[in-house]
Amino acid sequence: MGKTIPRTTYGMPNSAAWSGPVSSAEPGDVLWNSGHVAICTASGGGTYIHAPQPGDVVKYSSWPQFSLALRF
């Protein structure tokens, strides 16, 4: 798709086309916290999909752990 996303979470906020509060997230946005990311599945960032820990399966969650929404 022509988008470049850093391999680690630390460079993601600086390379995003848009960043804002999680409450402004739209489905498909990346929800970010230092060391972990998820993909937003509902407007407002209330639900998302992520791999909770290495070796675990990808699953839906709603625990509020992210500090930014990123759009690439």
Side-chain angles (χ1 to χ4, degrees):
M1 293 180 57
K3 303 290 181 182
T4 300
I5 298 174
R7 185 184 65 81
T8 65
T9 61
Y10 304 104
M12 287 184 178
N14 294 329
S15 65
W18 172 86
S19 66
V22 173
S23 61
S24 296
E26 294 294 328
D29 288 348
V30 173
L31 302 179
W32 179 91
N33 198 10
S34 180
H36 194 66
V37 294
I39 300 171
C40 178
T41 58
S43 296
T47 59
Y48 52 87
I49 56 173
H50 73 138
Q53 57 194 9
D56 203 348
V57 298
V58 173
K59 57 183 80 172
Y60 281 92
S61 187
S62 61
W63 185 63
Q65 63 177 319
F66 298 100
S67 55
L68 281 176
L70 307 173
R71 192 168 297 147
F72 293 90

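Computed over heavy atoms, backbone and side chain alike; hydrogens, waters and symmetry mates excluded.
Closest approach of R71 to S24, counting heavy atoms only: NH2-O, 3.9 Å. In this structure, T9 and W32 approach most closely via the heavy-atom pair O-NE1, 2.7 Å. F72 and S15 get closest at one heavy-atom pair: CE2-OG, 3.6 Å. Contact detail for A69 and A25: the closest heavy-atom pair is CB-CB, 3.7 Å. Minimum heavy-atom separation, V22 to S67: CG2-C, 3.9 Å.
Distance check, rounded to the nearest 0.5 Å: CG of D29 to CG of L70 gives 8.0 Å. Distance CD/E26 to SG/C40: 7.0 Å, rounded to 0.5 Å.
Here the side chain of N14 pairs no donor or acceptor atom with the backbone of G11 at under 3.5 angstrom. The backbone N or O of Q65 sits less than 3.5 Å from a side-chain atom of N33, completing a donor-acceptor pair. With T41 contributing its side chain and T47 its backbone, the two residues share a donor-acceptor pair below 3.5 Å. Side-chain N or O atoms of Y48 include none that pairs as donor or acceptor with a backbone N or O of V37 at under 3.5 Å.
Cluster partners of W18, using a side-chain heavy-atom cutoff of under 4.5 Å among ILVMFWY residues and allowing indirect links: none.
In this structure, the salt bridge (Lys or Arg N to Asp or Glu O under 4.0 Å) partners of K59, at least two apart in sequence or on a different chain, are D56.
Counting heavy atoms from C-beta outward, S61 and P52 have side chains that stay 4.5 Å or more apart.
Counting non-hydrogen atoms of other residues, nucleotides and ligands closer than 6.0 Å to CD1 of I5 gives a total above 12.
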Checklist entry - Step by step, would you call F66 with H36 a side chain to side chain contact (heavy atoms under 4.5 Å, CB included)? => result CA-CA 8 Å; F66 298 100; H36 194 66; 3.6 Å; yes
